[in-house]
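One structure below.
Chain letters run A, B, ... following the sequence lines, proteins first, then strands; residues in each count from 1. Below, each value reflects all heavy atoms present in this structure, side chains not excepted, and no hydrogens, waters or symmetry copies.
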Amino acid sequence: MTDKTEKKMKYNFKEIESKWQAAWDEEELYRAPENPDPKREKFYMLVMFAYPSGDIHMGHFRNYIIGDAVARRQMMMGRQVLHPFGWDAFGLPAERAAIKRGLHPADWTYKNIEVSRRTLKKVGVSFDWAREVISCSPEYYKWTQWFFVQLFKKGLAYQKEGLVNWCPEDKTVLANEQVVDGRCERCDTIVEKKMLKQWYYKITDYADRLIDDLDTLPGWPENLKTMQKEWIGRSWGAEIDFTIKETGEKLPIFTTRPDTIFGVTFMAIAPESPLIDSLNLSGKHKAVVDEYRAKAMKRSEIDRASVTGEKDGVFTGKYAINPFNGEEIQLWVADYVLAHYGTGAVMAVPGHDSRDFAFAKKYDIPIKIVIHPDEKSKLDLKKMDDAYTEYGVMVNSGQFNGLAGQDALDKVTEFAEKKGFGRKKKNFKLRDWLISRQRYWGAPIPIIHCPKCGPVAVPEENLPVMLPQVENYLPKGRSPLADVPEYMNVKCPKCGGEAQRDPDTQDTFVCSSWYYLRYIDPQNADKPFDKSLAGKWMPIDLYIGGITHATGHLIYFRFFHKFLNDIGWVKDNEPARNMFNHGMVLDSTGEVMSKSKGNVVSPVDLMDRRGIDISRLGMYFTAPSEKEVLWSEDVIVGIEKFILNRFYPLVENYRGSSPDLKYYFKDNELSAYEKELYIKLNQLIKRIDEDSERLQYNTVIAGLMEYVRDFDSGKVKNDKLNDYIILKLIQLIAPIAPHLAEEMWRQTGNVESVFKSQWPEYDPNAIVFENISIAVQVNGKLRGLLDINRDAPEDEVINLALNDARIKNHLDGKAIIKKIYIRNKLLNLVIK
RNA sequence: GCGAGAGUGGCGGAAUGGCAGACGCGCUGGAUUUAGGAUCCAGUCCUGUAAGGGGUGGGGGUUCAAGUCCCCCCUUUCGCACCA
């Protein structure tokens, strides 16, 4: 050991961490008030709750320390902070993992919660653990079921027979949002189509509001809002009734291009569409169509979508009539038509739609041009190898010739409306939310099917419908609960007759659609939550989570909140005022960390070696919070040096003068160096405050490093200033390095927690220097720096510049034609 | 294909239209040390001995001034993907 290292203070992080964690627990530092004082400001800091699939990993660690820094700073700003945590504990992955290990899903889940909770406590995240919620507990899912019943009462939970996404591996149906590129989001198996009767939430009733209200959320990232808008996919157009020639029956279609109506040369129906049945096909055509439909049904969605432009279909032998011109057109069945969008049938305009163009070419169907780019340039069909899909001027369209743009769309639609064979129409890509799952590990659907009364909601006083403990919970294609007679066989709550429970459970995303409200009143046995408490805590002031939930959870929970708003349970239309998407944590090669790849870095291991706060600072410092991180421990080397050699030893320079932290120093109290330090301190406070608002902790740390580097305590004569600086620095680092800051704070003689001290505010009279340096440019290029007095008059600055040897050189005796002077910043001389 | 981002040293990354590369890693040199994977000091965009010149994916533009704003292109990430 050399002299130097001996002098250095030892940072015994293990001791310090456990000491202050115990103390914070003891004084219940993180407890949010049961009933917040409406006169004081509140801050609801929400991080997405966790799926207990093992211990927490680097991604969780990053996510939660970001929220933690926000919560702690808010605490210091005097807000009443609600920073809760819980577990998204039901669901398929947990069930699958449990099965793999031969464990009951409940045992597996609770064990993981235990382990993860311990780790999170070790990280020292400021969660109010007294409000912890676990979505698979009966006390919680009782209310998940209650929400089902409320939706059911309003007609927003309904059963429908239809084609659904079926995962053959997980043996359950999936919501549209859980199918990614035609595969099961969870197990990557190609999803099949099945005809099944399932429960849906009518989220499409809220489609307009889910889009329109995004404009009331300036605190949400634009890209996220765009993703939601596109997912919901609103488009305006017209519905127009064609008629079947033989039967006179109507065949409505949806189009966004009514201006191309005269270019229709055939129609196509989706193979799944029941419309085909009503055509009453017979003979040869029926055989061909039946075969084609069977073939199409077998093809998976990806298969159908990935066909590189190659479309196919079969002619039905039937014709339809275009109501606009009476033309007879062929009626086809084609699998490029989607059964679930619009009416399941389309009018095909090969001249002006690429898909129709390809199809018409393949089957030698006529192509008609009815739109020209403008009055002068005309299309030549012979030269076209694709459709012209832009808007333009209507031609070959009878009375509508010459109309263009929006006017064309409107006039055609108005005409159809007047004649009674068409109407304005709005369509969405969003489909209703399929919430039934044929799996064991979920909240049972609180419905009893009675042969006489139909589906009857379980009376609210009988909730929860308990998930029975069963031996056999393996997926088998129908719900495992269906084979538990003592569960299934019940009396109808309406007529008292023999009836059966619905055997399915609810999608986990239902559980996660309302958890943020349960935190507000987690023990309430009579209600999901107390309305007046919710009124005080809501809305969420900041919601932090991954962008991966953009078109799933983050739409579902907005939908739930709007529904609750409609039935009078919450007063806001939107649940979260601000949303922040943190970046992912990948390994150093850019791979996602996963157990199977064996590249998982454990935050526990890191913290054991380096200490919690140094690990935290390393993570913050690597990248701004919204960017992804390729995790490497290299960055920690610099952080560790900074904390161990520079920051922590600051307490040694503390002189015990206990300065008033609200006091602002006056000019005449300070020497030149002291004044410089003081001004720089105020600049630092301002900068850290602004960066913290943006969650940009990397630059917060950089700012602290610079300041501490320039702060030479030995040269400071004024004890109060010296101590003032040290105390402010401790406060500034507290949100991101809580244990270190608390230790230093107490070592300087404070008896209350640093988190009960007031967050620094800068002295508005001391954030600028008297003498500043401004840039001098010649023709926009930097040619020199001038030291001037702040606010020096323009003439003086110009004079100084003109007499500066280096600048003179660049002026080269040429005439100055323009002088641009930005006060205290820059002078640009334009010469010729 | 459509939509939204992103592109800055060897690396992570800074920069309300106003001094590009803060801060850190790495690297180079030096000091100290029995030793260094410790500590401290200095240097580190390219070119040039220097003065200077050039430089933020490429090309154009707006401006006194562009990494930043506008247009085109390239690369890349994410989302959607036959939505009629």
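Residue A/Lys311 places its side chain closer to B/rC82 than to any other of B/rC82, B/rG3, B/rG18. Side-chain proximity of A/Trp231 to the nucleotides B/rG13, B/rC80, B/rA84 is greatest for B/rC80. The side chain of A/Asp181 approaches B/rA81 more closely than any other nucleotide in the set B/rA81, B/rG79, B/rA15.
Mapping A/Phe254 and A/Gly780 onto RNA chain B by nearest heavy atom places A/Gly780 at the nucleotide closer to the 5' end. A residue-by-residue look at A/Arg646 and A/Asn828 shows that A/Arg646 has its nearest nucleotide of RNA chain B further toward the 5' end.
By the 6.0 Å and 45° rule, A/Arg257 stacks over the aromatic ring of A/Tyr391.
The phosphate of B/rA84 has OP1 or OP2 within less than 4.0 Å of a side-chain N or O from A/Tyr341. At B/rA84, one or more side-chain N or O atoms of A/Ser235 fall inside 4.0 Å of OP1 or OP2 (strictly under the cut-off). Using a 4.0 Å cut-off, no side-chain N or O of A/Lys825 falls inside it from OP1 or OP2 of B/rG18.
Atom NZ of A/Lys686 sits in a sparse spot, with 12 or fewer heavy atoms from other residues, nucleotides or ligands closer than 6.0 Å. A 6.0 Å sphere centred on NZ of A/Lys250 holds no more than 12 heavy atoms belonging to other residues, nucleotides or ligands. Other residues, nucleotides and ligands contribute over 12 non-hydrogen atoms within 6.0 Å of the CZ atom of A/Arg694.
Applying the 90° criterion around 0 to the glycosidic angle, B/rG10 comes out anti.
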Can you check nucleotides 71-73 of chain B for protein contacts, nitrogen or oxygen pairs under 3.5 Å, and list what you find?
none

Atom pairs, N/O to N/O, protein against nucleotides 53-57 of chain B, distance under 3.5 Å?
{"residue": "B/rG53", "atom": "OP1", "partner": "A/Arg783", "partner atom": "NH1", "Å": "3.3"}
{"residue": "B/rG53", "atom": "OP1", "partner": "A/Arg783", "partner atom": "NH2", "Å": "3.1"}
{"residue": "B/rG53", "atom": "OP2", "partner": "A/Arg783", "partner atom": "NH1", "Å": "2.9"}

Which atom pairs, one a donor and one an acceptor, fall under 3.5 Å between side chains of residues 218-226 of chain A and the rest of the protein, sequence neighbours left out?
{"residue": "A/Trp220", "atom": "NE1", "partner": "A/Ala576", "partner atom": "O", "Å": "2.8"}
{"residue": "A/Glu222", "atom": "OE2", "partner": "A/Lys225", "partner atom": "NZ", "Å": "3.3"}
{"residue": "A/Lys225", "atom": "NZ", "partner": "A/Leu217", "partner atom": "O", "Å": "2.8"}
{"residue": "A/Thr226", "atom": "OG1", "partner": "A/Glu222", "partner atom": "O", "Å": "2.8"}

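If you take atom P in B/rG21 and the same atom in B/rC46, they sit 14 Å apart, rounded to whole Å. Comparing the C1' positions of B/rA20 and B/rU39 gives a spacing of 32 Å, expressed to the nearest Å. Nucleotides B/rG10 and B/rG26 have their C1' atoms positioned 8 Å apart, rounded to a whole Å. Spacing between B/rU56 and B/rU75 at atom C1', rounded to whole Å, works out to 16 Å. Straight-line distance between the P atoms of B/rA15 and B/rG24: roughly 16 Å, to the nearest whole Å. Spacing between B/rU76 and B/rC25 at atom C1', rounded to whole Å, works out to 25 Å. One C1' atom belongs to B/rG57, the other to B/rA6, and the distance between them is 11 Å to the nearest Å. One C1' atom belongs to B/rA22, the other to B/rA14, and the distance between them is 5 Å to the nearest Å.
Between the CE atom of A/Met619 and the P atom of B/rG13 there is a distance of 13 Å, given to the nearest Å. What separates NZ of A/Lys429 from P of B/rA81 is a distance of 8 Å, to the nearest Å. The nearest whole Å value for the distance from the CD1 atom in A/Ile636 to the C1' atom in B/rG37 is 16 Å. Note: CD (A/Glu690) to P (B/rA15) measures 11 Å, nearest angstrom. If you measure from atom CG of A/Leu644 to atom P of B/rA38, you get 13 Å, rounded to the nearest angstrom. A/Asn779 places its CG atom 11 Å from the P atom of B/rA66, with the value rounded to the nearest Å. Per the geometry, NZ belonging to A/Lys229 stands 15 Å off C1' belonging to B/rG79, to the nearest Å. One atom, CG of A/Leu430, and another, C1' of B/rA81, lie 16 Å apart when rounded to the nearest Å.
Contact annotation for A/Val346: base contact, defined as any heavy-atom pair under 4.0 Å involving a base atom. A/Ser354 comes within 4.0 angstrom of no nucleic acid atom, judged by non-hydrogen atoms across all strands. Among the heavy atoms of the strands lying under 4.0 Å from A/Arg806 are primed sugar atoms or P, OP1, OP2 only; no base atom is included.
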Discussion item. Assess the residue pair A/Ile367 and A/Met384 against the criterion (side-chain contact (heavy atoms from CB on, under 4.5 Å)); give the C-alpha distance rounded to whole Å, side-chain angles, the decisive distance to 0.1 Å, and a yes or no.
Written reply: CA-CA 11 Å; A/Ile367 299 174; A/Met384 287 166 66; over 6 Å; no
Discussion item. Is there a side-chain contact (heavy atoms from CB on, under 4.5 Å) between A/Phe509 and A/His549? Walk through the geometry before answering.
Written reply: CA-CA 10 Å; A/Phe509 279 99; A/His549 293 104; 4.3 Å; yes
Fill in: Working for side-chain contact (heavy atoms from CB on, under 4.5 Å), residues A/Leu740 and A/Tyr11
CA-CA 9 Å; A/Leu740 169 82; A/Tyr11 177 59; 3.5 Å; yes
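With sequence neighbours excluded, the residues that form a side-chain contact (heavy atoms from CB on, under 4.5 Å) with A/Ile798 are A/Glu794, A/Leu802, A/Lys819, A/Leu827. Contacts of A/Asn176 classified as side-chain contact (heavy atoms from CB on, under 4.5 Å), with partners at least two apart in sequence or in another chain: A/Asn165, A/Trp231, A/Arg431. With sequence neighbours left out, A/Asp634 forms a side-chain contact (heavy atoms from CB on, under 4.5 Å) with A/Ser632. Remark: A/Asp804 pairs with no residue by the salt bridge (Lys or Arg N to Asp or Glu O under 4.0 Å) rule, at least two apart or across chains. Remark: A/Ser235 pairs with A/Tyr341 by the side-chain hydrogen bond (donor to acceptor under 3.5 Å, both in side chains) rule, at least two apart or across chains. A/Trp433 meets the ring pair (Phe, Tyr, Trp, His ring centres under 6.0 Å) test with A/Tyr201, A/Tyr556; sequence neighbours excluded. When the side-chain contact (heavy atoms from CB on, under 4.5 Å) test is applied to A/Asp205, the partners found at least two apart in sequence or on another chain are A/Leu156, A/Lys202.
A ring-centre distance under 6.0 Å is found for A/Phe266 and A/Phe359.
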Discussion item. Return a single string for nucleotides 20-29 of chain B, one symbol per nucleotide in 5' to 3' order, where B is base contact, S is sugar-phosphate-only contact and - is none, cutoff 4.0 angstrom on heavy atoms.
Written reply: --BBSS----
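Judged by atom type and distance alone, A/Lys819 does not reach the base of B/rC64 through any side-chain donor-acceptor pair under 3.5 Å.
Using a 4.5 Å heavy-atom cutoff, the side chains of A/Phe428 and A/Ile203 are not in contact.
With a cut-off of 3.5 Å on both pairing distances, the Watson-Crick and G-U wobble pairs of RNA chain B assemble into stems of 3 or more at B:1-7 with B:74-80, B:10-12 with B:23-25, B:26-31 with B:39-44, B:45-47 with B:52-54, B:57-61 with B:69-73.
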